[in-house]
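First listed ligand is number 1; within each ligand, the first listed atom is number 1. This structure is a prediction, so every number in the text was calculated from the model and none was measured. All residue numbers refer to positions in the sequence shown, counting from 1.
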Amino acid sequence: MEKVRTRFAPSPTGYLHIGGLRTALYGFLFAKKHGGDFILRIEDTDTARYVEGSVDIIYDTLKDSGIIYDEGPDIGGNFGPYIQSERKNIYLEYAKKLIELGGAYYCFCAPERIETLKDKEGNLRYDKHCLKLSKEEIEENLKKGVPYVIRQNVPEKGTGSYHDLVYGDISVDYKDIEDGILIKSDGMPTYNFANVIDDHLMGITHVIRGTEYLSSTPKYNLMYDAFGWERPTYIHLPPIMKDASHKLSKRNGDASYEDFVNKGYVKESIINYIALLGWSPKTTQEKMSLSELIEKFSLEGINKSPAIFDETKMKWLSGEYIKEMSDSEFVEKADRFLKESKVYGKYDLNKIAALLKTRIEIFSEIPDKINFLEEFGEFDIALFTHKKMKTDTDIAKAVLPRAREKFAKLDSFNFDTIHSAVMELVQEMELKNGQVFWTIRVAISGKESTPGGVMEIAELLGKEETLRRIDFSINLLNK
Ligand code: GLU
């Protein structure tokens with residue numbers, strides 16, 4: 001097989017949506033699996049849709065998520081420039097060649113004439129009027145500087161067929177394809193032209209993109225054929241939906257990669273989850289690192305049917321990644337969210353990490369889960385009553401003063417010593433473990449649920465603060 005070359009060709013329209021990132025990821029995975037190159041090309045010829053700053057978002061997102069490109073605008077390569085607006089002259093040169101080959105023609109029709117050709121819905125079917133111009137008329141118009149566009153000359157009869165690796169054999173009747181514009185009046189190419197020229201000149205072997213291009217591919221093939229170029233292999237990807245009838249789209253307020261990172265998802269889990277949106281691995285294993293994805297990825301596993309984006313599942317996956325982190329890794333990756341909590345700088349973060357690791361799915365849950373360590377005050381004493389634990393406020397009133405007494409006597413105050421003290425209390429008072437554990441935990445946290453039990457929390461708080469909180473709770477009960 002010749003060296004695989006794939007590309008990601010986003011338009012800088014303001015954000016990198018999840019669908020775009022998946023396209024990039026699949027191109028990357030496929031290229032890397034086969035020892036090939038993955039190229040980034042910026043398609044900015046639609047100046048009206050250009051949004052300042054979006055190219056940087058593309059660079060940053062790809063780098064941050066580990067989708068490393070081998071060639072691209074900011075790193076160069078042998079097939080540049082990699083920004084279409086910098087390739088303007090190349091397109092014009094090839095458009096003129098295509099005219100000579102009969103695959104395109106100059107169109108000098110004024111906008112007013114074009115208007116008259118539109119149907120009630122505003123759709124245009126160009127009538128090939130300018131195709132009939134003589135060589136002399138064309139020359140004359142060009143000399144006079146009459147504004148023009150260059151249109152594709154699509155046959156009026158016949159069908160264009162090709163094989164897509166995901167969707168199989170695709171045929172489109174040429175009568176359903178219009179003579180679309182290849183070069184606009186400002187000299188800029190349209191996507192419909194530029195994608196063909198660039199994919200060929202950049203040696204792209206496999207074109208991986210969304211299904212929206214499935215039915216326009218026959219018109220690109222007409223151009224490949226007219227130039228005598230080999231067509232690339234096509235892989236169109238199923239849409240990503242947020243439910244049965246709505247596509248996932250940033251425009252409708254759906255989150256992007258960046259948004260998910262800001263929400264506290266583990267980065268690797270986002271990429272891992274996106275990989276599964278439209279591709280099924282051969283095994284049932286779902287948690288996969290980028291290198292495992294490269295190893296396992298195969299085009300045969302890409303599904304035809306739309307993928308439904310399930311944030312709950314991505315959250316679960318994020319939690320799986322968190323569980324497997326070492327404490328120090330957790331502290332490093334969760335840094336931003338730990339800083340947002342009230343415990344930052346006051347507690348041993350490795351201990352906090354150990355406490356939280358198995359209990360959260362995304363980092364943004366952190367502040368809420370541990371702020372009680374710094375925030376303690378009036379709480380509802382009904383929390384002492386728990387049916388299943390068989391505890392209530394009377395038991396609390398009996399247990400807490402004795403727990404205080406035991407804790408006060410401890411010279412070293414750590415998990416083990418606290419545990420022994422609590423177990424002694426259980427025996428001496430002839431209570432069930434749960435009755436004592438629940439009661440003390442509520443007394444020192446003021447919370448129904450906390451990450452970690454009595455021992456972990458008391459150790460973190462330290463002896464002094466633990467005693468202070470028990471006193472506070474005893475007062476609260478006696479009010
Ligand atoms: N610029 C196109 C887009 O953003 C690229 C499509 C393609 O990959 O060919 O949709």
Side-chain angles (χ1 to χ4, degrees), residues 4-31 36-51 53-59 61-62 67 69 71-73 79 81-88 90-91 152 162 164-167 170 180-182 184 188-224 229 231-240 247-251 254 256-257 274 278 299 302:
V4 167
R5 286 177 58 86
T6 60
R7 87 302 192 269
F8 176 48
S11 301
T13 51
Y15 44 79
L16 185 49
H17 55 94
I18 292 293
L21 194 59
R22 183 196 55 180
T23 303
L25 179 62
Y26 285 12
F28 169 78
L29 294 178
F30 182 69
D37 299 324
F38 175 63
I39 290 112
L40 173 66
R41 178 172 78 224
I42 299 294
E43 303 206 325
D44 61 345
T45 59
D46 189 349
T47 45
R49 287 176 65 218
Y50 182 80
V51 175
S54 43
V55 176
D56 288 326
I57 295 180
I58 294 166
Y59 297 157
T61 305
L62 293 178
I67 303 176
Y69 41 95
E71 298 165 29
F79 298 81
Y82 295 91
I83 296 194
Q84 286 186 329
S85 57
E86 293 171 14
R87 300 170 65 79
K88 199 171 161 183
I90 302 177
Y91 305 119
Q152 184 173 10
Y162 72 101
D164 180 85
L165 281 195
V166 176
Y167 290 89
I170 304 291
I181 295 176
L182 304 181
K184 295 180 274 188
M188 273 288 199
T190 55
Y191 166 79
N192 288 332
F193 189 54
N195 90 87
V196 171
I197 303 305
D198 287 347
D199 284 341
H200 173 72
L201 294 181
M202 294 181 181
I204 302 304
T205 55
H206 295 73
V207 167
I208 302 177
R209 62 183 167 212
T211 40
E212 59 270 36
Y213 299 100
L214 196 61
S215 60
S216 34
T217 295
K219 66 186 171 203
Y220 310 144
N221 285 334
L222 281 170
M223 293 187 251
Y224 281 100
W229 296 341
R231 300 176 184 181
T233 299
Y234 293 107
I235 297 122
H236 288 93
L237 306 177
I240 303 177
K247 253 182 111 162
L248 194 74
S249 122
K250 178 84 185 170
R251 230 166 296 172
D254 296 322
S256 66
Y257 171 83
I274 288 178
L299 297 176
I302 299 177

Which residue and heavy atom of the protein sit nearest [atom], plus the separation:
atom                    : result
atom 5 (C) of ligand 1  : A9 O, 3.0 Å
atom 9 (O) of ligand 1  : Y191 OH, 2.4 Å
atom 8 (O) of ligand 1  : R7 NH1, 2.7 Å
atom 10 (O) of ligand 1 : Y213 OH, 2.7 Å

Taking only residues two or more places apart in sequence, or in another chain, which ones meet E86 in a side-chain contact (heavy atoms from CB on, under 4.5 Å)?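 Counting only residues at least two positions away or on another chain, E86 forms a side-chain contact (heavy atoms from CB on, under 4.5 Å) with P81, I83.
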Within the 6.0 Å centroid threshold, strictly below: Y213 and Y191: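 Judged by ring-centre distance (under 6.0 Å), Y213 and Y191 do meet the cut-off.
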E71/R7 salt bridge by N-O under 4.0 Å criterion: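 The answer is no: the pair does not qualify as a salt bridge.
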Does L62 reach the side chain of F28, with side-chain heavy atoms less than 4.5 Å apart?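 No, their side chains stay 4.5 Å or more apart.
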Of all heavy-atom pairs between P218 and S215, which one has the smallest distance, and what is that distance?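 In terms of heavy atoms, the two residues are closest at CD-O, 3.3 Å.
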Per-atom contacts, ligand 1 versus E43 - under 4.0 Å to a heavy atom: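 With E43 as reference, the close atoms of ligand 1 come out as 1 (N), 2 (C), 5 (C).
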